[in-house]
Amino acid sequence: MIRRKTVRLNETLRLFWKDNPELYHKMLEARVQRLWRELFGPSIAAYTTNVYVKNRVLYVFMTSSVVRSEMLSMRKRLVIVLNQHAGSEVIDDVVIR
């Protein structure tokens, strides 16, 4: 069957994400995990062992207690910055262990 009407790729993707909101949210969660390393650079990434999102909470495991305490003091700011760079309200809280 030959299609006569062309559809732009961005329109197709928008419709796909609209039909599959759970996949869209998972994509945003993966974006937040990637942003952690990109935004805070190699110095913080060196002390980070694991980053994952579960139930709208970002869990970050750190090996340095000094870096962990500094990150704990700016948790609310971390949520705001990560959500802004992700382009949506993806996480509600950050747990740093």
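The shortest heavy-atom contact between A86 and L28 is O-CD2, 3.8 Å. Nearest heavy atoms, V53 versus Q33: N-NE2, 3.3 Å. Minimum heavy-atom separation, T63 to A46: OG1-O, 4.5 Å.
By the salt bridge (Lys or Arg N to Asp or Glu O under 4.0 Å) test, E22 is found to be paired with no residue, residues two or more places apart in sequence or in another chain being considered. Judged as a ring-ring contact (aromatic ring centres under 6.0 Å, His included), and not counting sequence neighbours, the contacts of F40 are W36. Contacts of F16 classified as ring-ring contact (aromatic ring centres under 6.0 Å, His included), with partners at least two apart in sequence or in another chain: none.
Hydrophobic cluster membership of V57, counting Ile, Leu, Val, Met, Phe, Trp and Tyr whose side-chain heavy atoms lie under 4.5 Å apart directly or via other members: Y52, Y59, F61, V95. V7 forms part of no hydrophobic cluster, judged by ILVMFWY side-chain heavy-atom separations under 4.5 Å.
The local environment of CG in N55 is sparse, with at most 12 non-hydrogen atoms from other residues, nucleotides or ligands closer than 6.0 Å.
Looking at E11 and R8, no side-chain N of the basic residue comes within less than 4.0 Å of a carboxylate O on the acidic one, giving no salt bridge.
Within the structure, the side chain to side chain donor-acceptor pair (under 3.5 Å) test picks out the following pairs touching residues 65-84 (sequence neighbours left out): R75-D93, N83-E89.
Looking only at distances, no side-chain donor or acceptor of H25 sits under 3.5 Å from a matching main-chain atom of P21. The backbone N or O of D92 lies less than 3.5 Å from no partner atom in the side chain of R56, so there is not a single donor-acceptor pair.
At a threshold of 4.5 Å between non-hydrogen side-chain atoms, the residues K18 and Y24 do not count as touching.
With T48 as the fixed residue, the side chain to side chain contact (heavy atoms under 4.5 Å, CB included) test singles out one of I96, V60, V67: V60.
Note that CE of M71 and CE of M62 are 5.0 Å apart. Values are rounded to the nearest 0.5 Å.
Note: the hydrophobic cluster containing V94 also contains L72 (ILVMFWY, side chain heavy atoms under 4.5 Å, direct or indirect links).
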